[in-house]
Amino acid sequence: MSSMTSPRLHRAADTLVKQSFAVAPGESVLITGDDRTETALLDAVAASVSRAGARPLIAIAPTLPYQGGLSDPYVGDALKAAMAASDVWFDFCFPYHAGSGAHSAAMAAKRTRYCLLSTSSAESLERLYGCVDFAAMLDFNIALAEYFGQAAGQTVRFTCPRGTDVRLTLDKIKLVRQRVCNEPGMHTVPGTQSFYPIMDSVEGRLVIQALFDEYYRPLRQPIVIEAAGGIRGFSGGGAEDRLSFERALRRASGTNGYGNFIHFTFGFHPAAAWTGRQFIEDIRVPGSNAIGMGLPWWEPGGGENHPDGIVLDQSLWIGDRQIVDGGIFTGPEPLMRLHAAMERRLD
């Protein structure tokens with residue numbers, strides 16, 4: 001059965017539109033895509049919006065050359081107007097609009113509920129929203145966020161089979177996961193939990209196997225990043241990877257240096273598959289760690305222009321407690337019970 005007629009795609013769109021964002025009759029819903037976004041994906045979400053009694057608008061523009069503020073010269077006035085005039089905005093563009101001037105203006109107006117979906121694939125949306133017990137996954141995601149929040153000030157360590165070994169001091173949670181996205185502001189796809197370092201506390205080495213800087217790709221050779229407070233240097237990767245990564249780091253840091261580490265993550269979505277193409281899905285593969293680098297978005301001059309590297313099959317400790325072993329969640333209770341409940345796959 002094709003994605004266009006897939007019951008899973010229908011269910012995924014309804015889960016996103018009705019269950020996650022509680023789209024209400026009469027609301028204006030903007031659905032943004034680019035040259036790479038599958039028509040079946042856009043049509044399925046628009047149809048779900050219509051079934052909810054709301055008014056969808058599909059806006060397709062050329063693929064952005066950069067994410068965040070670097071994309072500002074490429075966003076037209078008509079699209080900017082639609083962003084600010086929408087109650088809900090589902091952004092499937094990749095690179096995405098989050099962090100751009102137009103996105104910031106829409107957020108400042110405090111009307112729009114924005115979702116950074118940033119996938120071009122209908123099958124990816126099926127897996128992220130249509131193949132899991134969504135309520136059970138949110139139960140685990142919210143409880144995990146609370147666990148990280150309560151651990152602020154503790155030492156976190158994570159490793160990977162390729163040689164990653166990093167320690168940091170945990171800071172407060174910056175974005176709170178909501179069960180229902182019914183308030184204006186920034187929202188992301190469940191299935192991953194970010195954790196944030198106290199600035200300058202990150203020490204060790206990171207071995208990344210995929211990279212989103214000027215574009216997203218698996219690396220044919222891993223890049224090794226040396227951390228001593230901030231980013232002190234890197235090696236490995238192909239020649240073209242090193243060049244684009246260095247350009248991206250220097251842009252994101254706003255200085256002549258490489259900047260700092262903004263966030264780390266734990267991916268745990270039970271239906272996510274490694275694609276090598278869909279960044280938002282890949283960073284939700286169980287055991288993945290998406291590492292944001294540059295200047296934090298909550299500091300002056302920060303934005304969503306930072307590169308992200310991906311570590312796979314991580315092991316993770318908070319304090320003396322190991323909670324992930326080679327990508328497998330190991331506790332503690334009662335998080336283990338919530339994790340087991342969300343693992344049931346839907347046909």
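Along the sequence shown, residues carry numbers from 1. Bear in mind the structure is a predicted one, so any value in this text is a computation, not a measurement.
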Within-4.5 Å side-chain heavy-atom neighbours: Pro190 and Phe134: yes
Does Ser71 reach the main-chain N or O of Tyr74 with its side chain, forming a donor-acceptor pair under 3.5 Å? no
*Spell out, as yes or no, whether a donor-acceptor pair under 3.5 Å connects the side chain of Thr112 to the backbone of Met107.*
no
**Prompt:** Taking the side chain as C-beta and beyond, is there a heavy-atom pair between Asp43 and Ile58 under 4.5 Å?
**Reply:** yes
Heavy-atom nearest pair, Arg284 first then Thr188, reads NH2-CB, 4.2 Å
Examine Leu346 and Val189 and state if one hydrophobic cluster contains both, with Ile, Leu, Val, Met, Phe, Trp and Tyr joined whenever side-chain heavy atoms are less than 4.5 Å apart.
no
Heavy-atom distance under 4.5 Å between the side chains of Glu38 and Glu123, does that happen here? no
In this structure, NE2 of His306 is separated from CD1 of Ile291 (nearest 0.5 Å) by 11.0 Å
Minimal heavy-atom distance between Ala40 and Leu9, with the atoms involved, is O-CD2, 3.9 Å
So SG of Cys93 and CG of Leu79: to nearest 0.5 Å the spacing works out to 7.5 Å
In this structure, OG of Ser124 is separated from CZ of Arg277 (nearest 0.5 Å) by 9.0 Å
Can you find a heavy atom in the side chain of Leu16 that is under 4.5 Å from one in the side chain of Leu117? yes
Evaluate side chain to side chain contact (heavy atoms under 4.5 Å, CB included) for Asp91 paired with His103, printing each intermediate quantity in order. CA-CA 10 Å; Asp91 186 12; His103 172 267; over 6 Å; no
Handout entry: Plane angle bin for Phe279 and Phe212 - parallel if under 30°, tilted between 30 and 60°, otherwise perpendicular
Key = tilted
Determine yes or no for a side-chain-to-main-chain donor-acceptor pair under 3.5 angstrom, with Thr330 supplying the side chain and Ile323 the backbone.
yes
* According to the interplanar angle, ranging from 0 to 90°, do the rings of Phe21 and His187 count as parallel (below 30°), tilted (30 to 60°) or perpendicular (above 60°)? -> perpendicular
In short, Ser194 meets Ile173 closest at the heavy-atom pair O-CD1, 3.7 Å
Check: Would you find a donor on one side and an acceptor on the other, under 3.5 Å apart, between the side chain of Arg162 and the backbone of Cys160?
Finding: no
Among side-chain atoms of Ser121 and Gln278, is any donor-acceptor pair under 3.5 angstrom? no
Sorted by chain and number, sequence neighbours left out, side chain to side chain donor-acceptor pair (under 3.5 Å) with Asn289 holds for Gln314
Same cluster (ILVMFWY, side-chain, under 4.5 Å), Ile231 and Phe245
yes
**Request:** Evaluate ring pair (Phe, Tyr, Trp, His ring centres under 6.0 Å) for Phe266 paired with Phe148, printing each intermediate quantity in order.
**Result:** CA-CA 11 Å; Phe266 169 48; Phe148 275 108; 7.7 Å; no
So OG of Ser288 and CG of Leu312: to nearest 0.5 Å the spacing works out to 7.0 Å
Exercise. Check the pair Val75 / Leu64 against side chain to side chain contact (heavy atoms under 4.5 Å, CB included), numbers first and verdict last.
Key: CA-CA 8 Å; Val75 181; Leu64 295 169; 4.2 Å; yes
**Study point:** Whether over 12 other heavy atoms sit under 6.0 Å from Asp320 CG
**Key:** no
Please tell me if the side chains of Pro307 and Leu249 come closer than 4.5 Å, counting only heavy atoms from C-beta onward.
-> yes
Side chain to side chain contact (heavy atoms under 4.5 Å, CB included) for Phe264 and Leu168? Distances and angles first, verdict last. CA-CA 10 Å; Phe264 302 92; Leu168 60 97; 3.5 Å; yes
Scanning both residues in full, the closest heavy-atom pair of Pro270 with Met137 reads CD-SD, 4.0 Å
Under a 4.0 Å N-O cut-off, is there an ion pair linking Arg113 with Glu27?
yes
Tell me whether Phe329 shares a hydrophobic cluster with Trp274, the cluster being built from Ile, Leu, Val, Met, Phe, Trp, Tyr side chains joined at under 4.5 Å. yes
- Message: Are more than 12 heavy atoms, taken from residues, nucleotides or ligands other than Ile198, located less than 6.0 Å from that residue's CD1 atom?
- Response: yes
**Asked** With no hydrogens and no angle check, is any side-chain donor or acceptor of Asp133 less than 3.5 Å from a backbone partner on Met342?
**Response** no
Same apolar cluster (I L V M F W Y, side chains within < 4.5 Å links), Leu144/Ile318: yes
Distance col, row His263:NE2 vs Tyr196:OH, nearest 0.5 angstrom, shows 7.0 Å
Check: Gln67 side chain, Phe94 main-chain N or O, donor-acceptor pair, under 3.5 Å
no
Q.
Does Met293 form a side chain to side chain contact (heavy atoms under 4.5 Å, CB included) with Phe234? I'd like the steps, not just the answer.
A. CA-CA 13 Å; Met293 295 164 277; Phe234 62 90; over 6 Å; no
Correct closest heavy-atom pair for Ala46 and Pro56 would be O-CG, 3.8 Å
- Task: Please determine, by modelled atom types, if Arg127 and Thr275 share a side-chain donor-acceptor pair under 3.5 angstrom.
- Result: no
Ignoring hydrogens and geometry, is there a side-chain-to-backbone donor-acceptor pair from Ser118 to Ile280 under 3.5 Å? no
Flag, side chain of Arg111 to backbone of Ala85, donor-acceptor distance under 3.5 Å
yes
Give a yes or no on whether the ring-centroid distance for His339 and Phe268 is below 6.0 angstrom.
no
* Asked: Would you say Arg11's side chain and Gly130's backbone share a donor-acceptor pair under 3.5 angstrom?
  -> yes
Between Ala145 and Gln193 the two heavy atoms that sit nearest each other are CB-OE1, 3.3 Å
When Leu116, Leu125, Asp34 are each screened for side chain to side chain contact (heavy atoms under 4.5 Å, CB included) with Phe92, the one that passes is Leu125
Which of Arg179, Arg177, Arg337 passes salt bridge (charged side-chain N to carboxylate O under 4.0 Å, His left out) with Asp139? Answer is Arg179
query = Just by modelled atom types, is the Thr155 backbone N or O under 3.5 Å from a matching donor or acceptor in the Arg157 side chain?
reply = no
Rounding to 0.5 Å, atoms CZ (Arg55) and OG (Ser86) come to a distance of 10.5 Å
- request: Determine whether Arg51 and His10 make a side-chain contact, defined as any pair of heavy atoms from C-beta on separated by less than 4.5 Å.
  value: yes
| query | Any side-chain heavy-atom pair from Arg232 and Tyr258 closer than 4.5 angstrom? | reply | no
| query | Hey, does Arg242 have a side-chain heavy atom less than 4.5 Å from the side chain of Gln221? | reply | no
Hydrophobic clusters here meaning ILVMFWY residues chained together by side-chain heavy-atom distances under 4.5 Å, can you tell me if Tyr147 and Trp317 are in one? no
